[in-house]
Each structure stands twice: as structure tokens, then as C-alpha cells.
Amino acid sequence: MTHTHQTSITTEQLAIFCKQKGFVFQSSELYGGLSGIFDYGPLGVNFKNNIKQQWWNTFVNNRPDIVGIDGAIVSHAKIWKASGHVDNFEDILLECKKCKQRFRGDHLVEDVLKITADGLKKDAINKLVQENSIKCPNCKGELADAKQFNLMFATNVGPVEGNTAYLRPETAQLIFTNFKLVVETARLKLPFGIAQQGKAFRNEISPRDFIFRCREFEQMEMEYFIHPLKANDCSFIADVMDYSLKVYSEEMQHKKNKEKEMTIKDTLKQNIIKTQWHGYWLAQFHQWFVGLGVNPEHLRIRQHVKDEKSHYALDTWDLEYHFPMGWKELQGFANRTDFDLHQHMKHSGKDLSIFDEETKQKVIPHVVAEPALGVERAMLVFLFDAYHDDKKRGNILLKLHPKLAPIKVGVFPLVNKLEEQTKEVYQLLKDDFVCQYDRSGSVGRRYARADEIGIPYCITFDFDSLEDKSVTVRDRDTTSQIRVKIDELYSILSRLVSCKVTFKELEKHYKKVVVKVNEK
Ligand code: ATP
């Protein structure tokens, strides 16, 4: 299948853009860099925090049925023994006998044969390499037999050697190990969710595609627990029944069909999505991305096929995005049943069952869906969708959703003589909006710079402002401008940035400004 992506930029170009603007830097660059590890610059840190804040607001603060935790990164080895990571969290490694370069087996096979190889075991990879005479893509040397490679980062706790602990490879397990304490302290009743955001570490064999695959990254995960027999009893299902999205089921993949636009109602009726709760959560997160500006054409949900599904998962779907390198996983949704709680009961010897008041039964709840999203992948998606090379303006236009934009308001004096009064406006706003005060170059240049880093609204204080106590507010996406009283500025910006009103609506009530200053 060929993929044409609507955005005008490759992953490499986006990486350059992110470095130039101060979003993302290669970590340790001063000393040659560390592959798969990144630092976030002045814009990147705000952008990342805004994404995390939006996620937390939507899925924790705004929901009575979900609470959050913040677990530790360094964690007891037994957690990862119980979860299966110590024994099974492995990728297949292929090493070139000649140049010693190492490759992730399934990715190399996928790249060469253009097939899906996710989840293939060592023997299957070896067979494909031999049958197709796959050689080292670097030097054409012969590849050694495939080996298993564990992705966990180990560390030693305290001064005693051998006290091994692990940097968590996912945030999820900390939710299970704190399960009983959270249920008791937050007095949770089924169904409920426990969410967490934070760093995770995976010693990926070959990190690639900029921040798509890192060795240090952040996750936003949630475990949603239900009564084991109530997977089809979702009290919120009516909210999403008519929601429609692109669906790529296991059957469609086998038949080599294309994905199909379907409503959640139809996916459930046709037993494509197997449970109401799974359908509900897929729709909710899809909607979260669309609500924050992602074009739904670039999103689809794809069901895992038999070989790639984890042994414990009943059914798994990925929310995928149409990256320049093809459709790739953005977020996973595994139905993990009671696998994790069972494992931790077995390994800790503690009872993790809870009392369900409705059925008056003691149950080990099922995780009906574990929406697991990487912050870096979300950043990429928002950036790819926002990036426009605007030929008419002659500059990049980064159409980030106002809630995600790292800087919300640009504040400019028309000429430097007006600085004192402009700074008063800046003072009025700066406590509640991340503002950028900019006095250098022509106003046109300042607008262009603001467009390039996604500032949604810019305010210019001009000579008329001295008389009419008003300023112009410029909308990034349309370049249209309105005249607003300084007294009203705070309330108008609040409504704009929180999307309670659109600029178009404001244009009906405020005087439109015919742009006098040459934009360049
Ligand atoms: P992949 O198949 O791409 O390696 P995965 O299936 O192992 O991903 P999960 O274990 O389901 O990923 O992790 C949940 C989410 O965490 C992923 O959907 C992704 O957004 C993010 N994630 C996983 N690994 C990485 C990584 N190395 N770098 C950045 N984000 C990651």
C-alpha cells in the first residue's frame, strides 16, 4: 500500500524545525549525543506540559470515576518478574557479522519484505532472513542468528552490589501494585479507572524516526477496572454510539481490504469491537485528539492480528496515525482482563480482590481497556497536523490548538516609542497567559515569528491605542484583526484560549481592522 501524507514535511525536516525553534534537542549533544534520548527546549517543555495537562483534565480531573497516581521510576525487581517483563520484554536482535551493526529483527524484516512482522518470534525471524537472503542494510554483510534482547534498564539500589532494581519500562504496573491502597483511600466503586503520567525507559535496539521511538520517554496510561462479567455494560455507551471513525479490523487486514469509516454502534453490532467498554474508550481517545485539532482523516483504529497480540490480551486495538512513514501506533488499547492483578497476587501472596457493592461479590476486577499513550508520539501527531508551509505568507504556520500552544499571546508595541504603555498591557496578561513580549523588527516580522511557533493571538499597541484605549488582536489562522478595548482584553483572551468563543464569532461584535501595516 502506498501512503501519501497530507502534511508537507518529513520526519527529518520536522526534527530540524523542532531544533531550530527550541522544541526538541538531541540529548547530550555537546558530547556527541545519546541515541534515542532527547531534551526539551523552552517551547517543547510548555508544549509537552500542555498536552499532559489536557489529558489529565479530560481523563482525571473531569471524571468522577477516575483518579490519578504518580509512581516511582526506580522499582522493585519483583514487580517486573510478576508482570512478565524480566522474562519476556524482549525484541529480536539481528547483528551483522561484518560491521557489527545491530538491528531490530521485526523492523528489518518489515523494511525489506514490506510485510507486518510485529510479534514474530526468534525462529520465525531467522526463517525469513534465511529464506529471503536478507543481508545487513549497512554493508551487505551476513547477519548472525537472531537473539533475544531484553529492553529493561537495570540499576543498583544502595551501596550493596546485586540489589538490582529496574527503571520502569511502562507506567502501568505501578497502578497495579498500588491498586489496593488507591481503591481504599479514594473509596472507589466499580467501574473505575486509575491513571498515571510519567517517564518510562526502554533500551530500544534501534531508536528511530525522531521522537517516535525513544529510549527515555513519557507515557500517559490508564487502567479501567470493571466487574469481570460487565464488559458489555458500559453506562456511558450512548455518548459514543453515533461517533464515527476509520476502523481496520483483523478481518479487513486478512482480506487486504482498506480501513472503513464506521460508527461505534455498527462496530459493536457486527462484533468487530467485542465489548462496549472497549468501544467507548477507543472513541473517547479518538475524540480527544480530534478535539485538539487532529484531522480525523489521519487517524484510524486497527485491531491486532493473532500473532502480534500479547498472550494475556483478550483483544487489542491501536489508535494509529498516518505518519509520513506510514500508519503507526499512537496509542494501544489492550483488554488485559485480570492478568496483572492475578500475577501480583501470585507473586506477592497478597489478596487484591475487592468487594463489589452492586453484586455483593468479592471479585478480581478486569481491565477492560488500558489506553496507553506516549507523550512524544502525541507531540509528533499534533506537530505534523499543525505544520503548514504557508506560501502566501512566506512563512511556516504552526496551527497548534490554542490549548496546546506553548505561548498563547504575543504582545507588540507598534514602534519602540510605545513600549511603556505596551508593557502595561503585558503586565495585565502575563500572570494568566503565557505571553511573549516582542519589540524587535517590523510588526510583520513579529507576526511571522509568532506564526512559526504557533502563537494563536497577537496584540499590537499602536498610536491610536493612546486615544481609544484599545489594541488590535490578530488571529494566527486567518490573519484577521479586531479592535478590542484594553479593559476587555483579559476576558476576551480567556474565552479565546479556552475555546469558549471563536475569533469568527468575535468578528461580528468587534470592529474589524483593515490592516494598515504592511505584513512584511
Ligand atoms: P511499539 O510496538 O511501537 O514498540 P508498544 O506496542 O511496545 O509500541 P506499548 O507497550 O503499548 O507500546 O506502549 C504504549 C505507548 O507508549 C505506545 O503506543 C507509544 O505511544 C508509547 N511508546 C512505547 N514505546 C515507545 C518508545 N520507545 N518511544 C516513545 N514512545 C513509546
Side-chain angles (χ1 to χ4, degrees), residues 11 15 24 27 34-38 40 48 51-52 55 80 83-85 88-93 103-110 116-120 149-153 167-175 195-223 281-282 285-286 288-289 294 299-305 307-313 315-321 323 325-336 339-340 367 369-384:
T11 310
V24 186
S27 190
L34 266 183
S35 167
I37 304 193
F38 296 89
Y40 294 86
K48 203 170 176 214
I51 294 174
K52 286 162 64 182
W55 190 95
W80 306 104
S83 68
H85 284 79
N88 299 319
F89 195 53
E90 292 170 334
D91 278 336
I92 309 296
L93 183 139
F103 305 93
R104 193 170 137 174
D106 54 347
H107 286 173
L108 184 58
V109 167
E110 280 179 1
T116 312
D118 200 10
L120 289 190
F149 179 79
N150 193 292
L151 303 183
M152 301 260 281
F153 277 101
L167 305 192
R168 59 184 185 193
E170 62 172 29
T171 57
Q173 290 307 318
L174 281 295
I175 294 177
Q196 183 176 203
Q197 300 180 332
K199 292 266 184 178
F201 300 81
R202 297 183 185 180
N203 201 5
E204 298 278 355
I205 295 171
S206 44
R208 59 180 187 177
D209 297 320
F210 186 35
I211 52 173
F212 180 84
R213 187 170 304 287
C214 322
R215 289 183 167 134
E216 173 175 339
F217 58 102
E218 274 192 84
Q219 290 187 313
M220 306 191 275
E221 296 198 291
M222 195 254 288
E223 305 295 331
W281 284 116
L282 282 160
F285 281 90
H286 186 281
W288 183 75
F289 277 101
V294 176
L299 295 170
R300 74 176 183 192
I301 55 167
R302 185 182 70 82
Q303 190 168 30
H304 276 205
V305 295
D307 278 344
E308 65 181 309
K309 205 159 57 187
S310 318
H311 59 283
Y312 51 77
D315 190 18
T316 301
W317 287 80
D318 287 342
L319 175 61
E320 295 190 329
Y321 178 77
F323 288 95
M325 63 274 190
W327 287 102
K328 297 275 173 201
E329 172 177 343
L330 166 61
Q331 182 171 21
F333 295 76
N335 179 344
R336 300 174 71 98
F339 174 79
D340 303 270
V367 168
E370 178 203 55
L373 169 65
V375 179
E376 287 75 5
R377 288 196 194 171
M379 285 178 89
L380 275 183
V381 163
F382 290 123
L383 285 169
F384 274 126

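Because only heavy atoms are used, hydrogens play no part in the values below, and waters and symmetry mates are left out as well, while side chains stay in. In each ligand, atom 1 is the first atom listed, and ligand 1 is the first ligand listed.
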Open item on the list: Give me the nearest non-hydrogen protein atom to atom 17 (C) of ligand 1 as residue plus atom name, then the distance to 0.1 Å.
Closed with: Glu329 OE2, 3.3 Å
- [ ] For residues Asp106 and Arg104, report the shortest heavy-atom separation together with the two atoms involved.
- [x] OD1-NE, 2.9 Å
- [ ] Any chance you could measure Phe333, atom CZ, to Leu373, atom CG, to the nearest 0.5 Å?
- [x] 8.0 Å
- [ ] Please confirm whether Gln219 comes under 4.0 Å of ligand 1, counting heavy atoms of the residue only.
- [x] yes
Open item on the list: Can you tell me which portion of Arg213 lies within the under-4.0 Å heavy-atom range of ligand 1? Options are side chain, backbone, both, or neither.
Closed with: both
Open item on the list: Please confirm whether Glu170 approaches ligand 1 to less than 4.0 Å, judged on its heavy atoms.
Closed with: no
Task: Gln331 neighbourhood, listing ligand 1 atoms whose heavy-atom distance to it stays under 4.0 Å - done: 18 (O)
Task: Face-on cation placement of Arg215 at Phe201 ring, 6.0 Å and 45° thresholds - done: no
Open item on the list: Restricting to non-hydrogen atoms, name the atom on Glu376 and the atom on Tyr40 that form the minimum distance, rounded to 0.1 Å.
Closed with: CG-OH, 3.1 Å
Open item on the list: With heavy-atom distances below 4.0 Å as the criterion, list the atoms of ligand 1 near Glu204.
Closed with: 26 (C), 27 (N)
TODO: Would you please classify the geometry between the Phe384 ring and the Phe323 ring as parallel, tilted or perpendicular, with 30° and 60° separating the classes?
DONE: perpendicular
TODO: State whether the shortest distance between N or O atoms of Gly374 and N or O atoms of ligand 1 falls below 3.5 angstrom.
DONE: yes
TODO: Verify whether one side chain among Gln173 and Ser83 offers a donor that lies under 3.5 Å from an acceptor in the other.
DONE: no
Task: Closest protein heavy atom to atom 28 (N) of ligand 1, given as residue, atom name and distance to 0.1 Å - done: Cys214 N, 2.9 Å
- [ ] Return the minimal non-hydrogen interatomic distance between Leu174 and Gln196, and the atom names on each side.
- [x] CB-NE2, 3.7 Å
TODO: Select one of side chain, backbone, both or neither to describe which atoms of Glu221 lie under 4.0 Å from any atom of ligand 1, heavy atoms only.
DONE: neither
Task: Taking atom 7 (O) of ligand 1 as the reference point, the nearest protein heavy atom with its distance - done: Arg202 NH1, 3.1 Å
Task: Nearest heavy atoms of Ala172 and Glu221, plus distance in Å - done: N-OE1, 2.6 Å
TODO: Could you check atom 15 (C) of ligand 1 against the protein and tell me its nearest heavy-atom contact, residue, atom and distance included?
DONE: Ala372 O, 3.4 Å
TODO: Measure from the side-chain N and O atoms of Arg302 to the backbone N and O of Asp318, and report whether any donor-acceptor pair falls under 3.5 Å.
DONE: no
Task: Leu330 contact mode with ligand 1 (heavy-atom cut-off under 4.0 Å) - done: backbone
Task: Identity and distance of the protein heavy atom lying nearest atom 29 (C) of ligand 1 - done: Phe212 O, 3.2 Å
- [ ] Please indicate whether any nitrogen or oxygen in Glu376 is less than 3.5 Å from any nitrogen or oxygen in ligand 1.
- [x] no
Open item on the list: Using ring pair (Phe, Tyr, Trp, His ring centres under 6.0 Å), reason through Phe289 and Tyr321 one step at a time and then give a plain yes or no.
Closed with: CA-CA 10 Å; Phe289 277 101; Tyr321 178 77; 8.4 Å; no
Open item on the list: Checking a contact table here: which protein heavy atom is nearest atom 30 (N) of ligand 1, and how many Å away?
Closed with: Phe217 CD1, 3.4 Å
Task: Gly332 neighbourhood, listing ligand 1 atoms whose heavy-atom distance to it stays under 4.0 Å - done: 18 (O)
